[in-house]
Amino acid sequence: MVAEQAGDQFHSRQNKLAELREDGWAPYGDKYRVTHSSRQILNDFEMLEGSGVSFFGRLMTRRDHGKASFAHLQDENGQIQIYLREDRVGHNEYGLYQKLDIGDIIGVTGEVFKTRKGEITVNVSSFKLLTKALRPLPEKWHGLKDIEMRYRQRYIDLMVNPESRRVFTLRSKVIQKMRDFLTDRGFLEVETPVMHTVAGGATARPFVTYHNTLDIELYLRIATELHLKRLVVGGFEKVFELGRIFRNEGISTNHNPEFTSVEIYQANADYEDMMSITEEMVSSIARDILGSTIINYQGKELDLTPPWPRKYLIDTVKELALVDFSQINDDVSARQVAAEHGIEVEKTTTRGEIIFAFFEEMCEKKLWGPVFVKDYPVEVSPLARRCTHNPDFTNRFEAFLAGKEIANAFTELIDPLDQRERFEQQVSQRLAGDDEAHMMDKDFITALEYGMPPTGGLGIGVDRLVMLLTDSPSIRDVILFPTMKPKE
RNA sequence: GAGCCAUUAGCUCAGUUGGAAGAGCACCUGACUUUUAAUCAGGGUGUCCCAGGUUCGAGCCCUGGAUGGCUCACCA
């Protein structure tokens, strides 16, 4: 026997792989005929005790006792113990078993029983190696803690950290419930382009790409809004799109360059209707998945039970930033107040932008919520309808949960002339150097000129909602493969 | 982009004042037919993130860099 390469479990396993092949075992096998999963065996033990079962899983632990051995096999939903004896499986197969490593995937067949200590176990009559693992698993007791490796090599995280599997299973259920909630209410799920010639629907910097044969630059979408509204123009009265959007901006515990949003549009509706949808959808998802509308996030309680309070943005600023903008009615005095509070302004900054800046900088994080903050300044809401009795503000709201903005919605702006002016305002900001300002979308204006019914629209940040429901502190904990810099 | 922190064995981590690189699990050798963080006997398997520097001597001190985390900035 060749001496082991010192210190290298990878090479040790490669040697075993070669030995297995020499001995005629196939280290990468065909599918195994299974009858049960680990969970089914554990759940139906009363019924299955004494009868034969077949299942497969990854070898996670083993306790060898000479001519017998205990081990745990893990499949998608759990682990179950197996018991092997040489006099049962045969000398040859037991020899194979002794060459197995933790991490290998095997299929087993045997009878269900309970050990002296009371653990449901399968007494193996035969087994088959399905997949040889060449790399060792992280430690069985502490799991994989290295955050960087958990993100970069999520497959290891999923193998050894049940909590991680729970988070992503729950994420999937949240999205499923969202779909059910909307389709049950007559919303039509649609798919609109991911590659845009004009990146619109939000104030954000887009990713730019290039189409060879068309010889044009294309943008990855920063929102689904403008295409969905075109569909409302076209006559679809209730639509939604659940999908990935991309923003070429900073990365933080609340921002990933690609993330998932759901946007919902309903004809002949307004932002009050969108508030109802938001609070009903979020609370019903929590109730269905977590069993309660009162959840815990990072050690604090968050009561999602509807109705959620509604507060005017200007009142929120008055309350939390202690500035009463109802008494400050022109740009000049607003800029003066901003300067007094250390909020940066330029000569052209307007009262509305300053009110919004006060809100973002001094109020948002204090909003544990849930709360709907409503009626935003028109300058920062270029796609929202103006309030009937105050054209400086719009019928827009954002929903805050645990200090995070999770929804943004408005009564949509359907007046094509006003929309054109708003775009022109954005374009002039863009020319002045604001590369996050909106671009002119002429076709969208044309669509509005054909006539869009009064419409309510809503966008929800799915990742942030999943963070709340899974009690995850970072958005990277709820995205399977978060954006990372290459290591080398 | 800035500040702070982290990076040591496959994994989780210790490493004192600058003086011969450690533990547990994993792994390797052997024993063991109901164990379960199995046990028992033996074995340390390492680019101390990278590159320089100071020093008789650097995991430790200094400079620069990489990646990650947190905070801030940025950002619907």
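Throughout, protein chains are lettered first and strands after them, A, B, ... in sequence-line order, and every chain is numbered starting at 1.
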Could you list all N or O pairs between the protein and nucleotides 1-3 of chain B that sit under 3.5 Å apart?
none

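Across all strands, A:E398 comes closer than 4.0 Å to base atoms (heavy-atom distances). Residue contacts shown for A:D87 include a base, since a base heavy atom lies under 4.0 Å away. Note on A:Y151: only backbone sugar-phosphate atoms sit closer than 4.0 angstrom, heavy atoms only; bases stay farther off. Using a 4.0 Å heavy-atom cutoff across all strands shown, A:G461 reaches no nucleic acid atom at all. No engagement by A:S69 is indicated, since no non-hydrogen atom pair under 4.0 Å with the nucleic acid exists. Within the 4.0 angstrom heavy-atom criterion, only backbone atoms of the sugar-phosphate kind lie near A:R476; the bases stay farther away. Across all strands, A:R88 comes closer than 4.0 Å to no nucleic acid atom at all (heavy-atom distances). Within the nucleic acid shown, A:K114 has no heavy atom closer than 4.0 Å to any nucleic acid atom. In this structure, A:K145 reaches the sugar-phosphate backbone alone: every heavy-atom distance under 4.0 Å involves primed, P, OP1 or OP2 atoms, never a base. Contacts of A:A204 with the nucleic acid, taken as non-hydrogen atoms under 4.0 Å apart, involve only primed sugar atoms and P, OP1 or OP2. Within the nucleic acid shown, A:Q81 comes within 4.0 Å of at least one base atom, counting heavy atoms only. Residue A:F113 is in base contact, counting any heavy-atom pair closer than 4.0 Å across all strands shown.
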ring-ring contact (aromatic ring centres under 6.0 Å, His included) between A:F359 and A:F400, worked out: CA-CA 12 Å; A:F359 174 70; A:F400 289 89; 5.5 Å; yes
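Phosphate proximity of B:U35 to A:K117: present, with a side-chain N or O under 4.0 Å from OP1 or OP2. Under 4.0 angstrom from either OP1 or OP2 of B:U33 there lies no side-chain N or O belonging to A:R116. Side-chain nitrogen and oxygen atoms of A:K16 include none within less than 4.0 Å of the OP1 or OP2 phosphate oxygen of B:C27. The shortest distance between the side-chain N/O atoms of A:R152 and the OP1/OP2 oxygens of B:G68 is below 4.0 Å.
The base of B:A26 is not paired with the side chain of A:E139 by any donor and acceptor separated by under 3.5 Å. On a pure distance criterion of 3.5 Å, a polar donor-acceptor pair joins the side chain of A:H255 and the base of B:C75.
Taking a pair as Watson-Crick or G-U with both hydrogen-bonding distances under 3.5 Å, the stems of three or more pairs touching RNA chain B are B:1-7 with B:66-72, B:10-13 with B:22-25, B:27-31 with B:39-43, B:49-53 with B:61-65.
Remark: A:H196 engages A:H227 in a ring pair (Phe, Tyr, Trp, His ring centres under 6.0 Å) (not counting sequence neighbours). Residues satisfying the side-chain contact (heavy atoms from CB on, under 4.5 Å) test with A:S252, not counting sequence neighbours, are A:N254, A:H255. Residues that satisfy the salt bridge (charged side-chain N to carboxylate O under 4.0 Å, His left out) test with A:E119, not counting sequence neighbours, are absent from this structure.
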Base versus backbone protein contacts along nucleotides 38-44 of chain B [heavy-atom cut-off under 4.0 Å; B, S, -]: B------
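When the C1' atom is used for both B:U7 and B:U17, the distance is 24 Å, rounded to whole Å. B:G59 and B:G18 have their P atoms separated by 13 Å, with the value rounded to a whole Å.
Close placement of the A:F325 and A:F358 rings is indicated, their centers lying within 6.0 Å of each other. For A:F481 and A:F168, the ring centers sit 6.0 Å or farther from each other.
Between A:Y271 and A:F397, the angle of the ring planes lies from 30° to 60°, which puts this pair in the tilted group.
Using modelled atom types, one finds no donor on one side chain facing an acceptor on the other under 3.5 Å when comparing A:E412 with A:T455.
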